[in-house]
Amino acid sequence: MTQTLDDQSQNEWQTLQRVILPPQAQMDTVPLYVDMGTAAGVQIPTTGESTKRDKRPRTISSPAREAHAEDFLSRVSMMVRPGERVSFGTYFNAFPASYWRRWTTIDSVRLSVTTSGAGAVVVYKSNARGSLQRVDSQRVEGDVTTAFDLSLKPFGDGGWYWFDVVAAAEPVAIRRAEWQASGEAPKRGSVTLQITTLNKTDFCLDNLRLLAQDADALDVLQEILIVDQGTQKVSEADGFAEVKAQLGSRLRVIEQANLGGSGGFSRGMYEAVANGSDYALLMDDDIVVETESILRLVTFADRCKTPTIVGGHMFDLYNRTVLHTFGEVVNPYRIQPALPSEEMELGHDFMVSNLRQTPWLHRRCDVDYNGWWMCLIPTSVIREIGLSLPIFIKWDDSEYGLRAKSRGFPTVSMPGAAVWHVSWIDKDDLVGWQAYFHTRNRAITALLHSPYELGGRVIRELQQDDVKHLVSMQYATAQGRAWAIEDLLKGPEELRGLLNTKLPEIRKMLSEHTDSVFRPDPDDFPAPGMAKPPRHGQGFSRPNKVMLVPWALKTVAKQLVKPVVDSSRERPQANIPHMDNKWWRMSQYDSAVVSNAEGTGASWYQRDPRVLRRMLADSAKLHGELVARWRSLSTEYKNALHDLTSIEAWKKTFDEHTVSDSR
């Protein structure tokens, strides 16, 4: 139903989501907010020979045009030029109807659009397959507010609502547009927004400034808490006094020892419970936040049927139209992050394929957890299931999501709520100091949550990865992984004591291995050269799947007995870019200089058969013990889970490691 409204009738409805536009300084993000005609939708094949040959949806495209910065009048209003069409079928402005239908008490919504000028408003919806369906339209003229009442019943498995505005011979100004709900509004939940930081002062200050400029977002924030675990203090940075004056008593800085992400985020959870907030909103330090996302997360969570963890998505900070992932689950057999459907892709670029062109974005994505780059957790959930495991970094967010799920608390990765985050695509956190935490914490998560005997494939994959690192001459990484299993076998009572002590030990160990000592200048290493060139000059190629296992066994055996070429001790045999640092290639060298993922330096990998023999034997012994003790260890960790994550246990840790607490 379409109707024209006056201001009085509008007041009977509450805003669920308002249309927003990019700030002038972020015009590179326009495709996330408005679609300037790059697509009209997706056509789903039906019958015929062409369908048999190609079952993929066909995109119906219209000529693309660039957005004009001057058309964006404010954060909520814009101008549509004469004869042109603007669509709000976009990431930030389409309405994710299937999520509201599945998780909240809402069964219908109203789209309210206030315009000036002559033209038309056209409403569309999609289904879970991504097919476009026209719903309604209304001609507009003069200053008018037009409303469309829309049911959520058809959105069981997926689908969005959105609208287009078409201008006639004169421009049309969109003054305001909102997706609304009727009935009695729930009490607006209060939020403690917490950022854990380690020497990212510029990022922290920039986000504090963004928050200070958004009065609507500030209204729901009971407290903004910076948990500073670094040596470069936010409170001592240039510009802090100014932003402190803007935020006043709402801003609080706690300085504590470096307890990792789990210690920092647990502090935020703890303080949110202590100050009576309804939610703890956890955010990373190296992000840029779309502040409207805060309102959307809270509004959604307030209306959920049961207490629900609601997370935002992550876009690439340096390629701002690229979405990291639409949602993640944990593969229960492997205890590894996975995508919920085969069609979904990592690193989707909305500049290349917008919402209406991408069918898999219309299927509702149900997840196991949400990354803590932006995650809203009800304090009622925290009181019942506790805080994070004391595991420093890695797997804290996914374990928490699995734990919550097992206790009946779902997680929703909410479309239209997001941050821009420094991407880890150009990082490699499976080598170096983080390898210890990846290995140990993945195994702990398996001990706690795997439904399979002996953790499914976890132990086998852990040992296989050890072999890959060792034949790649990554001895420092392999040593860290060995320590991880050793500490795991010591039992859960050791975890909390390692929070602030293990990382210094790992860093000291890394400094003693050439494969983890990085130098910024390539000329710091001798020029490469091989005493014997590759066979036929073809270099090294990856073995096929059929031959992979025998090839790997042969390679390991060769490395165990084959002497190191003398010349490779004096100079590397090759310079290897990070993207070519694959185990099957590195296993063919005696030494090589390998660049790191960030491109800031390189280290010298050097093969040592004696180290290889010792570490392979240690790995076999440790994983054999892990197999033998898996069932008893699983029981130990499960029995200790409450004490490890309790508010009382974490309070003792915070009391011991707090340096200062100031408003």
Side-chain angles (χ1 to χ4, degrees), residues 1-23 32-34 73-78 88-101 103-116 121 123 125 138 143-152 155 160-163 165 173-191 193 211 213-221 278-279 281 289-305 308 310 312 376 412 414-418:
M1 180 177 68
T2 308
Q3 53 186 304
T4 302
L5 304 176
D6 56 27
D7 291 340
Q8 184 175 355
S9 60
Q10 273 287 84
N11 292 335
E12 300 172 2
W13 295 77
Q14 298 88 43
T15 302
L16 301 179
Q17 176 180 312
R18 62 181 179 177
V19 165
I20 55 172
L21 299 162
L32 303 180
Y33 296 86
V34 295
L73 307 176
S74 73
R75 279 279 275 163
V76 297
S77 61
M78 74 172 293
F88 293 93
T90 58
Y91 175 82
F92 277 122
N93 284 323
F95 186 76
S98 65
Y99 291 79
W100 286 89
R101 183 190 187 280
W103 301 110
T104 76
T105 57
I106 302 297
D107 57 14
S108 64
V109 294
R110 167 172 286 185
L111 169 63
S112 171
V113 185
T114 300
T115 55
S116 297
V121 178
V123 181
K125 69 178 179 180
Q138 178 66 40
D143 297 332
V144 63
T145 297
T146 308
F148 302 85
D149 292 329
L150 306 165
S151 172
L152 297 185
F155 298 93
W160 304 64
Y161 275 122
W162 67 88
F163 69 98
V165 174
I174 304 160
R175 301 300 181 188
R176 187 176 183 88
E178 293 183 349
W179 302 92
Q180 302 170 334
S182 63
E184 184 177 354
K187 173 183 172 290
R188 171 60 63 86
S190 59
V191 178
L193 186 157
L211 293 169
Q213 295 164 8
D214 193 327
D216 293 326
L218 281 179
D219 279 346
V220 303
L221 299 182
D278 296 301
Y279 303 102
L281 176 55
V289 61
E290 167 52 84
T291 54
E292 189 75 10
S293 300
I294 298 170
L295 295 173
R296 293 182 178 184
L297 293 182
V298 176
T299 301
F300 185 85
D302 284 345
R303 293 178 179 271
C304 282
K305 300 171 186 175
T308 301
V310 188
L376 187 80
V412 175
M414 187 65 186

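The residues of the chain are indexed from 1 along the displayed sequence. Being a predicted model, the structure only gives us computed values, none of them experimental. The figures here come from the full heavy-atom set of this structure, side chains too, leaving out hydrogens, waters and symmetry mates.
There is a side-chain donor-acceptor pair under 3.5 Å between T15 and E178.
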Verdict with supporting geometry, D302 and R188, salt bridge (Lys or Arg N to Asp or Glu O under 4.0 Å): CA-CA 7 Å; D302 284 345; R188 171 60 63 86; 3.7 Å; yes
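In this structure, F155 has its ring center closer than 6.0 angstrom to the ring center of Y161. Aromatic pair F88/W162: ring centres not closer than 6.0 Å. The six-membered or imidazole ring of F300 lies near that of W100, with a centre-to-centre distance under 6.0 Å.
N93 places a side-chain N or O within donor-acceptor distance of the main-chain N or O of I20, the cut-off being under 3.5 Å. In this structure, the side chain of R296 does not engage the main chain of G312 through any donor-acceptor pair within 3.5 Å. No donor-acceptor distance shorter than 3.5 angstrom exists from the side chain of Y33 to the backbone of P22, with no hydrogens or angles considered. Remark: the backbone N or O of R175 is not paired with any side-chain donor or acceptor of S77 at under 3.5 angstrom.
Taking D143 as the reference, nothing meets the salt bridge (charged side-chain N to carboxylate O under 4.0 Å, His left out) condition, with sequence neighbours excluded. Listed by chain and residue number, nothing satisfies the salt bridge (charged side-chain N to carboxylate O under 4.0 Å, His left out) test with K305 (two or more places apart in sequence, or in another chain).
Between R303 and E184 no salt bridge is recorded (no basic side-chain N to carboxylate O distance below 4.0 Å).
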